[in-house]
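Here's the structure, in C-alpha cells; my notes come after.
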Amino acid sequence: MEKLASLRDQMVDTQLIARGISDPGVLAAFRKVPRHEFVPPGLQDSAYDDSALPIGEDQTISQPYMVAIMTELLKLKGSEKVLEVGTGSGYQAAILAELCRKLYTIERIGPLSKRAEGILKKLNYHNVEYIIGDGTEGFSPSAPYDSIIVTAGCPQIPPPLIDQLAEGGSLVIPVGERFYQTLTVVTKEKGKIKIEPSIGCVFVPLVGKYGWRD
C-alpha cells in the first residue's frame with residue numbers, strides 16, 4: 001500500500017502539477033482517492049500510469065490528467081450539486097464527491113454502475129446518488145445542477161443537459177467525432193449560453209437519445 005501511495009503522489013507531481021493543474025482542492029482529491037481501487041485487479045500495478053485503462057463492457061477509466069482538467073474546469077467550491085454523465089469505473093465520481101456537496105451520477109450500463117457504487121461505498125462516500133439510465137437525457141428529478149460533467153464523447157451538446165444546468169452553472173463535455181473530440185465548456189449566464197473550446201481529447205462514445213446510436 002505504501003508503494004501505491006507513493007505512485008499516487010508521483011502521479012500528481014509529474015502528470016498533473018507538471019502540466020498546469022493548480023487547484024489545491026483538485027490536487028488534494030487526487031492525492032487522497034486510491035485510483036487502484038477502480039481498476040481490474042490485474043491492472044492495479046498500472047493504476048497510476050499516464051493512460052486510460054480498460055474496465056470491461058468496452059469502457060475505460062480515463063487518463064488521470066483528463067480527469068483532473070475536467071474537474072478543474074468545473075471550478076467547484078464545495079457547495080455544489082453536480083450531475084455526472086457516465087459513472088464508468090467510479091473514479092471521477094470519487095474525485096467529484098471530495099469536492100462537491102451532492103453528486104448524482106448516471107450510467108447506462110447497469111453492472112458498471114453497481115460495481116462503482118460498491119467501491120465508492122467501501123471508500124465511505126455517502127454524498128452520491130446512483131442512477132441507471134440514458135445520461136444524454138440528464139436526470140430531471142434533481143435538476144437544476146450547479147455543474148454537469150460528461151465523461152464520454154458526444155456528437156452534440158445534449159439539449160436536456162443545457163436545460164438542467166442552473167443559472168451561473170458550468171457543463172464540461174467532450175464534443176466532436178466518434179474518435180476525436182474537443183473538451184468544451186458550456187456556461188449559462190442570464191439565460192444565455194456561452195460555449196468555449198478547451199483541449200483535444202479522445203473518449204469512448206456517449207450512447208443515447210442525444211448521443212451516438214451505439
Side-chain angles (χ1 to χ4, degrees), residues 4-39 47-53 60-105 116 119-120 123-128 144-153 157 161 165-175 181-189 194-203:
L4 291 171
S6 176
L7 289 173
R8 188 157 63 249
D9 280 337
Q10 184 178 332
M11 174 193 75
V12 172
D13 293 338
T14 62
Q15 298 177 37
L16 306 189
I17 295 174
R19 290 177 180 164
I21 302 298
S22 60
D23 185 295
V26 173
L27 294 173
F30 273 81
R31 290 194 192 279
K32 179 179 177 182
V33 177
R35 191 172 188 256
H36 61 272
E37 294 283 356
F38 296 89
V39 304
Y48 298 103
D49 290 355
D50 183 23
S51 63
L53 295 170
T60 61
I61 180 173
S62 296
Q63 173 196 25
Y65 173 70
M66 190 56 61
V67 177
I69 193 168
M70 292 180 76
T71 305
E72 189 167 72
L73 285 169
L74 291 177
K75 300 178 181 179
L76 298 173
K77 303 300 182 185
S79 61
E80 295 88 356
K81 179 171 64 173
V82 178
L83 174 66
E84 178 191 30
V85 175
T87 310
S89 70
Y91 179 64
Q92 173 76 80
I95 296 291
L96 293 169
E98 287 282 339
L99 298 167
C100 72
R101 174 177 59 83
K102 177 72 175 183
L103 174 67
Y104 295 83
T105 181
I119 297 169
L120 284 156
L123 295 174
N124 292 315
Y125 291 103
H126 301 297
N127 59 336
V128 184
Y145 300 96
D146 302 302
S147 299
I148 300 175
I149 184 170
V150 180
T151 63
I157 300 169
L161 300 186
L165 188 63
E167 175 68 22
S170 297
L171 160 64
V172 176
I173 178 173
V175 180
Q181 304 92 35
T182 299
L183 199 58
T184 303
V185 181
V186 182
T187 52
K188 183 183 286 187
E189 294 288 349
K194 182 179 180 181
I195 299 174
E196 294 182 287
S198 180
I199 64 171
C201 53
V202 180
F203 280 81

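Please read all numbers here as calculations on a predicted model, not as lab measurements. In this chain, residues are counted from 1 in sequence order.
In terms of modelled atom types and a separation under 3.5 Å, the side chain of T187 and the main chain of G168 share no donor-acceptor contact. Looking only at distances, no side-chain donor or acceptor of D50 sits under 3.5 Å from a matching main-chain atom of Q15. Side-chain atoms of T151 come within 3.5 Å of backbone atoms of G86 as a donor-acceptor pair (strictly under, hydrogens ignored). For D23 (side chain) and G25 (main-chain N/O), a donor-acceptor pair under 3.5 Å exists by modelled atom type. Between the side chain of Q181 and the backbone N or O of F203 there is at least one donor-acceptor pair closer than 3.5 Å.
Note: Y145 OH to L103 CG = 9.5 Å, rounded to the nearest 0.5 Å. The line from OG1 of T184 to CD1 of I195 is 7.5 Å long, rounded to the nearest 0.5 Å. Atoms OG and CD, from S170 and E189 in turn, are 8.0 Å apart once rounded to the nearest 0.5 Å. One distance of note links CD1 of I199 with CD1 of I69; it measures 4.0 Å at 0.5 Å rounding. Between the CG atom in D13 and the CG atom in L27 there is a gap of 9.0 Å [rounded to 0.5 Å].
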Could you give me the CA-CA distance, side-chain angles and deciding distance for K102 and D146, then say whether salt bridge (Lys or Arg N to Asp or Glu O under 4.0 Å) is met?
-> CA-CA 10 Å; K102 177 72 175 183; D146 302 302; over 6 Å; no
Begin from the C-alpha positions of L123 and F38 and carry the test side-chain contact (heavy atoms from CB on, under 4.5 Å) through to its verdict.
-> CA-CA 11 Å; L123 295 174; F38 296 89; 3.7 Å; yes
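Closest heavy-atom contact between N127 and C100: ND2-O, 3.3 Å. Heavy-atom minimum distance, T182 versus S198: CG2-N, 4.0 Å. Taking all atoms of both residues into account, the shortest heavy-atom contact from K188 to L165 is NZ-O, 2.8 Å. The two residues A116 and S89 make their nearest non-hydrogen contact at CB-O, 3.6 Å. Nearest approach of P174 to A152, heavy atoms of both residues: CD-O, 3.5 Å. Closest non-hydrogen pair, A47 versus L53, comes out as CA-CD1, 4.1 Å.
Annotation: side chain of I61 is in contact with side chain of R35 (closest heavy-atom distance under 4.5 Å). Side-chain atoms of L73 and L183, non-hydrogen and from C-beta on, do get closer than 4.5 Å to each other. Between V33 and Y125 there is a side-chain heavy-atom pair separated by less than 4.5 Å. You'll find the side chain of V128 stays beyond 4.5 Å of the side chain of E84, heavy atoms only. The closest side-chain heavy-atom distance from V39 to Y91 is not below 4.5 Å. Considering only heavy atoms from C-beta on, P34 stays 4.5 Å or farther from L4 through its side chain.
With sequence neighbours left out, the salt bridge (charged side-chain N to carboxylate O under 4.0 Å, His left out) criterion links E72 to no other residue. Listed by chain and residue number, E98 satisfy the salt bridge (charged side-chain N to carboxylate O under 4.0 Å, His left out) test with K32 (two or more places apart in sequence, or in another chain).
In the model, Y48 has a side-chain atom that pairs as donor or acceptor with a side-chain atom of R8 under 3.5 Å.
The one candidate from M66, M70, Q63 that meets the side-chain contact (heavy atoms from CB on, under 4.5 Å) condition with C201 is M66.
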May I have the list of side-chain donor-acceptor pairs in residues 74-83 shorter than 3.5 Å, sequence neighbours left out?
residue : atom : partner : partner atom : Å
E80     : OE1  : K77     : N            : 3.1
E80     : OE1  : G78     : N            : 2.9
E80     : OE2  : K77     : N            : 2.7
K81     : NZ   : S142    : O            : 2.6
K81     : NZ   : P144    : O            : 3.2

